[in-house]
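Notes follow the structure.
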Amino acid sequence: MQIDLGLGILDHQLLDSVGRRCGKVDDLVLEGVAEGKPRVTEILVGPAAWAGRGRLATLASKLSRGRVVHVPWAEVKAIDPDVELRKPAHELRLGRGDDRARRYVEKLPGSSL
């Protein structure tokens, strides 16, 4: 299957095996580029993966204290248009920021809509 990595995967929403939003695809790890047979081996998730995307992204990367979650490409179930994963977020160490923010967002009027 051929996919335009820039348009078809980068910055797309990640959904875990139960449909929970658990981050976005921030970067990809490719192997085999030098041999002319590139393949994706991992999805990188977290602000620390933004380093090298400009000044603001580099600053955000530094402020995040270097945390990047590496999701093996084998955990990708489907790409349509979100990136669907085979396991729940907690097993892949994803969604921790969402869990922290949820405590505050749930208190906002209309947040349960």
Side-chain angles (χ1 to χ4, degrees):
M1 169 170 62
Q2 290 186 347
I3 297 174
D4 181 318
L5 297 177
L7 295 174
I9 298 177
L10 283 176
D11 297 325
H12 281 238
Q13 183 69 54
L14 291 168
L15 299 177
D16 74 357
S17 61
V18 295
R20 176 183 173 208
R21 293 177 180 210
C22 54
K24 296 220 179 208
V25 177
D26 292 312
D27 207 350
L28 299 168
V29 175
L30 301 173
E31 291 182 0
V33 176
E35 296 82 19
K37 295 182 180 183
R39 63 191 176 284
V40 179
T41 58
E42 292 181 323
I43 294 173
L44 302 180
V45 183
W50 302 345
R53 287 191 180 185
R55 290 181 181 154
L56 187 57
T58 300
L59 176 63
S61 175
K62 289 178 183 179
L63 293 175
S64 72
R65 294 182 226 133
R67 184 174 181 276
V68 176
V69 176
H70 296 254
V71 178
W73 186 253
E75 296 301 333
V76 174
K77 178 180 176 183
I79 303 168
D80 184 38
D82 299 320
V83 178
E84 299 173 26
L85 302 171
R86 298 181 189 279
K87 292 182 180 176
H90 70 275
E91 286 186 32
L92 298 168
R93 300 179 315 134
L94 294 171
R96 292 178 179 175
D98 294 341
D99 291 339
R100 286 190 300 269
R102 185 174 292 113
R103 290 182 290 187
Y104 303 104
V105 173
E106 287 176 338
K107 296 176 183 177
L108 297 174
S111 66
S112 61
L113 298 176

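Predicted model only: the values in this text are computed from it and were never measured.
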Sub-3.5 Å donor-acceptor pair from the side chain of [X] to the main-chain atoms of [Y], do we have one?
X: Glu84; Y: Ser17; result: no
X: Asp16; Y: Val18; result: yes
X: Arg86; Y: Ala74; result: yes

Euclidean distance, [Y] [atom2] relative to [X] [atom1], rounded to 0.5 Å:
X: Thr41; Y: Leu28; atom1: OG1; atom2: CG; result: 9.0 Å
X: His90; Y: Leu92; atom1: NE2; atom2: CG; result: 9.0 Å
X: Glu75; Y: Leu14; atom1: CD; atom2: CG; result: 12.0 Å
X: Arg20; Y: Leu94; atom1: CZ; atom2: CG; result: 8.5 Å

Which atom of [X] lies closest to which atom of [Y], heavy atoms considered:
X: Lys24; Y: Val45; value: O-CG1, 3.6 Å
X: Leu15; Y: Cys22; value: C-SG, 4.2 Å
X: Arg93; Y: Val69; value: O-CG2, 3.3 Å
X: Gly46; Y: Asp26; value: N-OD2, 2.6 Å
X: Val25; Y: Ile9; value: CB-O, 3.4 Å

For residues 30-46, pull every pair meeting salt bridge (Lys or Arg N to Asp or Glu O under 4.0 Å), keeping only residues two or more places apart or in separate chains.
-> Glu31-Arg39
Is there side-chain contact between Val40 and Val29, with heavy atoms separated by less than 4.5 Å?
-> no
